[in-house]
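In what follows, chains are A, B, ... by sequence order, proteins preceding strands, each numbered from 1.
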2 protein chains.
Amino acid sequence: MDTVERTPVDLPGSDAEPAGTARDTAGGAPAHRRARARATASMADVARLAGVSSQTVSRVSNGYAGVTEETRRQVLAAMKELGYRPNSAARALKRGEFRTIGVITFTLSTTGNVRTLEAIATSAAHEGYAVTLLPVAVPTQDEVRGAFSRLEELAVDAVIVIMEVHLLDAATVTLPPHVQVVVVDSDAGDHYTVVDTDQAGGTRAAVQHLLGLGHRTVWHLGGPEGSFAAQRRTDAWHAALTEAGRVPPPLIRGDWSADSGYRAGLELAARDECTAVFAANDQMALGLLRALHERGRRVPEDVSVIGFDDIPEASSFLPPLTTVHQDFAEVGRLCVQAVLSKMRQDGPERGTTLVPTRLVRRASTAPPPETT
Amino acid sequence: MDTVERTPVDLPGSDAEPAGTARDTAGGAPAHRRARARATASMADVARLAGVSSQTVSRVSNGYAGVTEETRRQVLAAMKELGYRPNSAARALKRGEFRTIGVITFTLSTTGNVRTLEAIATSAAHEGYAVTLLPVAVPTQDEVRGAFSRLEELAVDAVIVIMEVHLLDAATVTLPPHVQVVVVDSDAGDHYTVVDTDQAGGTRAAVQHLLGLGHRTVWHLGGPEGSFAAQRRTDAWHAALTEAGRVPPPLIRGDWSADSGYRAGLELAARDECTAVFAANDQMALGLLRALHERGRRVPEDVSVIGFDDIPEASSFLPPLTTVHQDFAEVGRLCVQAVLSKMRQDGPERGTTLVPTRLVRRASTAPPPETT
DNA sequence: GTGGGTGATGTTTGCGTAAACATCGAGTGT
DNA sequence: ACACTCGATGTTTACGCAAACATCACCCAC
């Protein structure tokens with residue numbers, strides 16, 4: 001049972017623990033005292049060993065000035081011997097901040113969310129902040145409300161929401177007043193601080209690339225209705241075509257999944273006039289490619305396909321996919337920056353920050369077939 | 001068996017937030033005091049307003065028995081009026097537990113890790129635990145050590161490691177002694193508690209499927225050297241072939257990426273004797289498919305390809321990929337269960353739990369071409 | 001009526017830390 | 001030499017909560 005597994009440092013005093021796993025209610029002795037004692041060394045223990053006051057330990061621990069090099073060494077030695085590490089609960093209680101950022105996200109099934117989350121976690125760690133994850137299984141108001149009510153008593157100083165904001169608004173959010181919020185994938189820039197990819201710019205680049213190749217117009221396989229990202233890509237596609245004097249074909253909707261792209265592709269393959277398709281993400285583009293292939297429409301000779309995201313696999317599609325690269329890492333990084341500067345009260349309270357995209361040309365786009 | 005689903009209260013409304021956003025940086029006054037004052041109402045405030053002792057507030061807050069309905073109502077009213085919410089730092093300090101699980105993971109770029117993480121977060125939330133994410137950017141010992149040293153002072157009760165454990169061992173881990181550890185993707189079952197997919201079983205199913213179709217032998221596109229998952233799939237492939245009396249062809253290694261699969265595919269396409277390939281994951285299978293296609297080797301007519309993971313896109317590959325489905329959600333769920341039961345000291349201290357796989361037959365496998 | 005429950009509530013205490021304040025000795029300027 | 005500053009360190013206190021213990025009113029059995 002209680003073998004001395006871990007063996008961190010040789011904890012001085014961890015010798016005893018005589019089988020009685022704090023379970024003995026019978027003992028008339030001050031059981032509770034022994035039970036919790038010495039779980040971890042506290043500042044006081046270190047202070048005692050080092051022969052200084054606990055305040056000095058605190059100073060060393062926090063790197064404050066005003067400690068002799070000599071004293072400092074002693075304290076550090078004592079810390080090491082005892083395997084001391086500060087108790088973050090106590091620290092948080094005292095300081096009134098937790099150095100933790102909560103991230104609310106609706107599923108991690110999309111590349112974008114995941115990459116953004118990863119960047120957030122990395123940036124946060126770099127700033128000395130931990131990241132607490134709050135997944136929302138299904139995007140119902142109840143679920144979101146649940147996430148927030150958990151959040152309310154969770155120890156976080158700030159929140160980053162990777163999700164549609166209309167849900168957020170709907171869920172009578174009752175955050176502690178000092179907790180800052182930053183949102184991804186939203187157009188709520190007038191209510192919140194928003195960081196997002198420049199959806200419009202990327203879309204424009206994609207459309208113009210296709211038009212530049214000589215296509216009359218560009219079909220669009222859009223994302224699901226609820227998504228702001230999808231909405232903005234669709235809007236930008238429409239605008240870019242209109243500005244260029246082209247007639248936007250009817251919109252086709254998918255749900256981000258490859259399957260939905262496949263279904264849309266079967267439809268599009270039947271239309272000879274369709275020579276170029278802009279898919280709102282790479283997964284749908286993948287399904288699209290499969291459908292076109294099955295129906296004997298060659299890519300890019302007969303139909304050009306362009307995606308959005310630039311997932312790592314995109315370069316291995318058949319054919320390798322031309323797509324709009326999103327810099328998720330930058331989005332995540334900026335989220336953290338934004339939320340931290342809000343906390344320090346030196347950043348903009350709201351507004352939108354856009355991260356530029358980059359068009360990656362591969363083999364899925366080409367000039368349209370000769371029209372006879 | 002439900003945990004005592006606390007149900008503190010239904011949360012107080014977020015009415016006011018009275019503009020006082022602490023904006024005065026200029027004031028020469030005792031700034032710090034103002035800053036932290038009145039951030040949140042404490043139990044004492046609620047107690048005062050309700051005309052009871054703070055202990056009674058505590059009892060209400062924690063749903064303990066022994067409070068008159070009348071008193072309870074008063075306390076709840078006071079909570080609501082003050083917008084009270086418990087301070088989790090204080091609670092953690094007092095109770096000695098944080099109700100938080102740390103998850104260490106090396107990049108979120110693989111589907112498996114992400115899905116597992118998601119399941120962990122969901123399960124943990126369900127048990128009333130929060131999840132703190134600790135990403136390790138690069139799998140160097142320094143990085144891992146860094147993650148752990150952050151972890152050391154982080155407020156977690158347990159740790160789940162989704163990573164190669166040899167790195168873990170290498171990084172002189174010094175966790176607080178009471179913190180429990182569970183590991184995914186490892187064979188360190190004799191040192192740690194391990195939860196993992198049944199790599200061997202899945203591999204065996206894949207190999208036997210191909211042999212059953214009539215292939216003489218099965219080539220293997222393995223994962224990178226460092227990975228235990230890769231190692232076990234490779235071992236199982238070798239064993240399955242040997243047991244069946246077949247001669248295992250030389251091993252080809254990739255690095256999980258589609259690109260590496262592509263490179264391997266170019267090599268394999270040149271070998272006419274190769275009629276069946278088992279790729280250690282779906283991404284590499286994707287690259288493989290592309291290479292075979294480019295070299296004019298038809299799948300599945302000339303070469304059968306089988307993958308591992310069953311990523312959502314696999315059904316949209318060209319052709320749709322036969323692959324071994326992993327139940328990542330179950331892995332994540334079991335991780336949480338394992339770590340919690342270790343904390344409650346009623347679970348096995350170590351050992352390995354395997355999650356079964358399922359072979360998903362799609363269109364990338366078929367009997368070998370007629371050998372003339 | 002007295003002693004002994006029983007349940008509702010109040011009081012004390014301490015978790016580990018760090019801010020605020022106190023102390024103390026050594027140097028500095030005149 | 002004296003008052004003074006300044007740097008190093010110690011002492012006190014409070015953060016918000018909940019366990020342990022104390023109190024108090026009430027009811028019941030004998």
- Note on the structure: dist A:Ile104:CD1 -> A:Ile162:CD1 (nearest 0.5 Å) comes out at 10.0 Å

- Message: Return the CD1 to CE distance between A:Ile101 and A:Met343, rounded to the nearest 0.5 Å.
- Response: 7.0 Å

Figure out the [atom1]/[atom2] separation between [X] and [N], and round it to whole Å.
{"X": "A:Met43", "N": "C:dG16", "atom1": "CE", "atom2": "P", "result": "10 Å"}
{"X": "A:Glu70", "N": "D:dT9", "atom1": "CD", "atom2": "P", "result": "9 Å"}
{"X": "A:Asn62", "N": "C:dA19", "atom1": "CG", "atom2": "C1'", "result": "11 Å"}
{"X": "B:Arg95", "N": "C:dT13", "atom1": "CZ", "atom2": "C1'", "result": "18 Å"}
{"X": "B:Gln74", "N": "C:dA8", "atom1": "CD", "atom2": "C1'", "result": "13 Å"}
{"X": "B:Arg85", "N": "D:dC17", "atom1": "CZ", "atom2": "P", "result": "12 Å"}
{"X": "B:Lys94", "N": "D:dC17", "atom1": "NZ", "atom2": "P", "result": "13 Å"}
{"X": "B:Phe98", "N": "D:dA18", "atom1": "CZ", "atom2": "P", "result": "14 Å"}

Quick one: is [X] getting a side-chain N or O under 4.0 Å of the [N] phosphate, OP1 or OP2?
{"X": "A:Tyr84", "N": "C:dT17", "result": "yes"}
{"X": "A:Tyr64", "N": "C:dA19", "result": "yes"}
{"X": "A:Thr68", "N": "D:dG7", "result": "no"}

- Query: DNA chain C: B:Ala90 or B:Ala65, which has the more 5' nearest nucleotide?
  - Reply: B:Ala65

- Message: Quick check on the helix from C:dG1-D:dC30 to C:dT30-D:dA1: what's the angle between its two end axes, five base pairs per end, to the nearest 10°?
- Response: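 Helix axis angle between the two ends: 40°.
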
- Query: Distance only, no hydrogens: is a donor on one side chain within 3.5 Å (strictly under) of an acceptor on the other, for A:Ser61 and A:Arg91?
  - Reply: yes

- Message: Within residues 45-59 of chain B, which residues have any heavy atom lying less than 4.0 Å from an atom of DNA chain D?
- Response: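 Contacting residues: B:Gln55, B:Ser58.
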
- Task: Sort and list the pairs that fulfil salt bridge (charged side-chain N to carboxylate O under 4.0 Å, His left out) and have at least one residue in residues 57-71 of chain B, not counting sequence neighbours.
- Result: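 For residues 57-71 of chain B: B:Glu70-B:Arg73.
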
- Partner set under salt bridge (charged side-chain N to carboxylate O under 4.0 Å, His left out) for B:Asp45, not counting sequence neighbours: B:Arg48

- Closest heavy-atom contact between A:Glu127 and A:Val336?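 Nearest pair, atom of A:Glu127 first, then A:Val336: CG-CG1, 4.4 Å.
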
- Message: How close do A:Ser88 and B:Phe98 get, counting heavy atoms only, and between which atoms?
- Response: OG-CE2, 4.4 Å

- Return the set of residues passing side chain to side chain donor-acceptor pair (under 3.5 Å) with B:Gln55 (not counting sequence neighbours), or none when no residue passes.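 So B:Gln55 forms no side chain to side chain donor-acceptor pair (under 3.5 Å) with any residue.
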
- Of all residues at least two apart in sequence or in a different chain, which pass the side chain to side chain donor-acceptor pair (under 3.5 Å) check with B:Ser123?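 Testing B:Ser123 for side chain to side chain donor-acceptor pair (under 3.5 Å), a comparison that skips the adjacent residues, returns none.
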
- Note on the structure: Among D:dC17, C:dC15, C:dT17, the one nearest any side-chain atom of B:Leu93 is C:dC15

- For B:Thr71, answer base if it contacts any base atom (sugar-phosphate contacts may also be present), sugar-phosphate if it contacts only those atoms, and nothing otherwise; contact means non-hydrogen atoms under 4.0 Å. sugar-phosphate

